[in-house]
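Report on the structure given below.
Chain naming here is simple, since letters A, B, ... match the order of the sequence lines and numbering starts at 1 in each. Side chains are part of it too, since the values below use all heavy atoms of this structure and drop only hydrogens, waters and symmetry mates. Since the model is a prediction, treat every value here as computed from it, not as a measurement.
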Amino acid sequence: MPELPEVETIRRDLETKLLGHRVLGAQVLWEREVGYPDAPTFAAEIAGRDILALERRAKYLIVHLSEDASLLVHLKMTGQLLYVPRDTPPHQHARAVFALDGDRELRFVDIRKFGRLYLVPTGRLAEFAKVANLGPEPLAASFTVAALRALLASRRGHMKPLLLNQEFLAGMGNIYADEALFRAGLHPLRSAESLKPRDIARLHEAIVAVLEESISHRGSSINNYRDPAGQKGYHHVHLRVFNRADEPCLLCGTPISKIRVGGRGTHFCPRCQRLPRVAASRSHPVTRGLTRS
DNA sequence: AGTAGGACCTGGTGGC
DNA sequence: TGCCACCAGGTCCTAC
């Protein structure tokens, strides 16, 4: 599941390989993965453009091209962008192939067909709905404790779904939401309005730390994530709660709990991430038992 | 504004 | 061994 650290790793890798090169042509193998414009137009329009820059916004990879066009890629759960020699045998799950100068190809491989490609005018990128409604970047210098406090001031509801909301904060997914809450000592069902200044400061530190640590390990490969060379990241061995249900907490030894929150598998330590009694009875009457487990 | 549930998809897994 | 139900999750959509 590519989240911010995985997409950032891909961006950095591809930047060293793609800058200054040209897209000779594109072949769309599964038309529904092209979100805009229609697939034939997409393929025709991208041909002949030079690659000027690579940017990441939330979980989107943005490839800036010449003549006022940008390619937006969302990998969703199983998407991969593979940079390979042209004579590499075809991938079974390739959904689009971009021919590049220099006998290379960029292949968009996506087992589950959830990923999306968009080709939009660079000048109108900011108003493109997918980008326009995104919240702040957690690794930007402007994302301070005060900024997080301001974001939280107008929010209610549980912390886990809030961290997954891309309009609240851009780039967190299921893995790093669980990891950040663990690191901050906050229960996933903790209500946003119940956070004290001390909690917000810890959460801020936790969000930045888990994302930066993961980037330094080239992301987490729980299932399908691969970098442009087809290699796994190695941060998943450093995860403290995600995918560790029933295993001992690394801090206190208590078995990690797994519950469903907002329809998502959610991992936490019932001892290190206690739900305050008041918040428990007010926001979620059944959760008091969960803190014991 | 929030919550829930369905839709989109396929591969892997566990039960029988 | 084979079959099948079910699960995984990012985002969008609808309904409440």
Side-chain angles (χ1 to χ4, degrees), chain A residues 1-8 10 28-36 39 56-62 72-81 91-96 108-118 128-135 138 150-181 188-195 211 214 219-226 232-233 236 239 241-246 256 258-267 279 282-287:
Chain A
M1 306 139 252
E3 304 179 23
L4 188 155
E6 290 76 26
V7 179
E8 179 61 23
I10 292 169
V28 177
L29 303 171
W30 191 259
E31 298 206 347
R32 293 196 57 173
E33 294 219 39
V34 176
Y36 182 86
R56 180 194 55 73
R57 179 75 172 98
K59 301 169 194 169
Y60 287 94
L61 180 74
I62 306 176
L72 263 74
V73 183
H74 200 302
L75 302 170
K76 293 288 176 79
M77 256 87 75
T78 58
Q80 304 171 3
L81 282 169
H91 288 81
Q92 181 187 356
H93 303 295
R95 309 303 180 196
F108 179 50
V109 174
D110 185 14
I111 294 174
R112 290 174 65 180
K113 301 178 178 173
F114 282 177
R116 286 294 180 272
L117 305 172
Y118 309 88
F128 191 59
K130 312 277 176 195
V131 174
N133 298 326
L134 292 169
L151 286 175
L152 283 163
S154 60
R155 296 287 183 165
R156 298 178 301 108
H158 298 143
M159 285 309 300
K160 174 69 187 279
L162 191 55
L163 290 181
L164 293 178
N165 182 348
Q166 302 298 297
E167 297 183 24
F168 173 72
L169 190 61
M172 304 278 289
N174 211 32
I175 297 175
Y176 301 107
D178 282 2
E179 292 295 312
L181 288 171
L189 291 173
R190 183 73 180 268
S191 61
E193 66 270 29
S194 76
L195 294 194
L211 295 175
S214 181
S220 302
S221 292
I222 306 264
N223 290 315
N224 297 287
Y225 168 68
R226 297 292 184 277
K232 295 183 176 189
H236 46 284
L239 296 176
V241 287
F242 191 85
N243 217 23
R244 294 193 65 242
D246 301 326
I256 298 299
K258 182 176 182 182
I259 60 174
R260 286 194 91 72
V261 178
R264 305 282 165 68
T266 297
H267 314 73
R282 189 175 52 192
S283 66
H284 209 284
V286 303
T287 52

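How far NE2 of A:His267 is from CG of A:Asp246: 10.0 Å, rounded to the nearest 0.5 Å. Annotation: the span from A:Arg116 atom CZ to A:Phe108 atom CZ amounts to 8.5 Å, rounded to 0.5 Å. Going from atom NZ of A:Lys130 over to atom NZ of A:Lys59 covers 13.5 Å, rounded to the nearest 0.5 Å.
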Take A:Leu239 and A:His236, measure what side-chain contact (heavy atoms from CB on, under 4.5 Å) needs, and give me the verdict at the end.
CA-CA 5 Å; A:Leu239 296 176; A:His236 46 284; 4.2 Å; yes
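Evaluation of the salt bridge (charged side-chain N to carboxylate O under 4.0 Å, His left out) rule for A:Arg57 yields A:Glu137 as partners, not counting sequence neighbours. For A:Glu8, the salt bridge (charged side-chain N to carboxylate O under 4.0 Å, His left out) partners at least two apart in sequence or on another chain are A:Arg11, A:Arg12, A:Arg56. For A:Lys160, the salt bridge (charged side-chain N to carboxylate O under 4.0 Å, His left out) partners two or more places apart in sequence, or in a different chain, are A:Asp178.
An OP1 or OP2 oxygen of B:dC8 is reached within less than 4.0 angstrom by no side-chain nitrogen or oxygen of A:Arg116.
Between A:Tyr176 and A:Glu6, the side chains place a donor N or O and an acceptor N or O closer than 3.5 Å (distance only, hydrogens not considered).
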Intra- and inter-strand pairing of DNA chain B, written as dot-bracket with Watson-Crick and G-U pairs under 3.5 Å and | for the latter, reads .|||||||.|||||||
Are there any protein N/O atoms within less than 3.5 Å of an N/O atom in nucleotides 10-12 of chain B, and if so, which ones and at what distance?
from   : atom 1 : to       : atom 2 : distance (Å)
B:dT10 : OP1    : A:Lys113 : NZ     : 2.7
B:dG11 : OP1    : A:His93  : NE2    : 3.4

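Residue A:Arg155 is classed as a sugar-phosphate contact, given heavy-atom separations below 4.0 Å to backbone atoms only. Residue contacts for A:Gly265: at a heavy-atom cut-off of 4.0 Å it reaches the sugar-phosphate backbone alone, with no base atom in range. Within 4.0 Å (heavy atoms only), A:Phe168 reaches no atom of the nucleic acid at all.
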For nucleotides 10-16 of chain C, give me one character per nucleotide, 5' to 3': B if any protein heavy atom sits under 4.0 Å from the base, S if the only such contacts are to the sugar-phosphate, - if neither.
BBS----
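Below 30°, between 30° and 60°, or above 60°: for A:Tyr118 and A:Phe128 the angle between ring planes is above 60°, a perpendicular geometry.
Atom CG of A:Asn224 and atom C1' of C:dC7 are 14 Å apart (whole Å). Rounded to an integer number of Å, the gap from A:Arg260 CZ to B:dA4 P is 12 Å. Here B:dT3 presents its P atom at 14 Å from NZ of A:Lys160, a figure rounded to the nearest Å. Here the C1' atom of nucleotide B:dA1 and the CG atom of A:Leu162 are 11 Å apart, to the nearest Å. Taking atom CG on A:Leu163 and atom P on B:dT3, their separation rounds to 13 Å, with Å as the unit. Spacing between atom CG of A:Leu189 and atom P of B:dG2 amounts to 15 Å, rounded to whole angstrom units.
Residues A:Lys113 and A:Arg32 are not in side-chain contact: their nearest non-hydrogen atoms beyond the backbone lie 4.5 Å or more apart.
Shortest non-hydrogen contact noted between A:Gly265 and A:Asn174 is O-ND2, 3.0 Å.
Here the separation of B:dC9 from C:dC4, taken at their P atoms, is 22 Å to the nearest Å.
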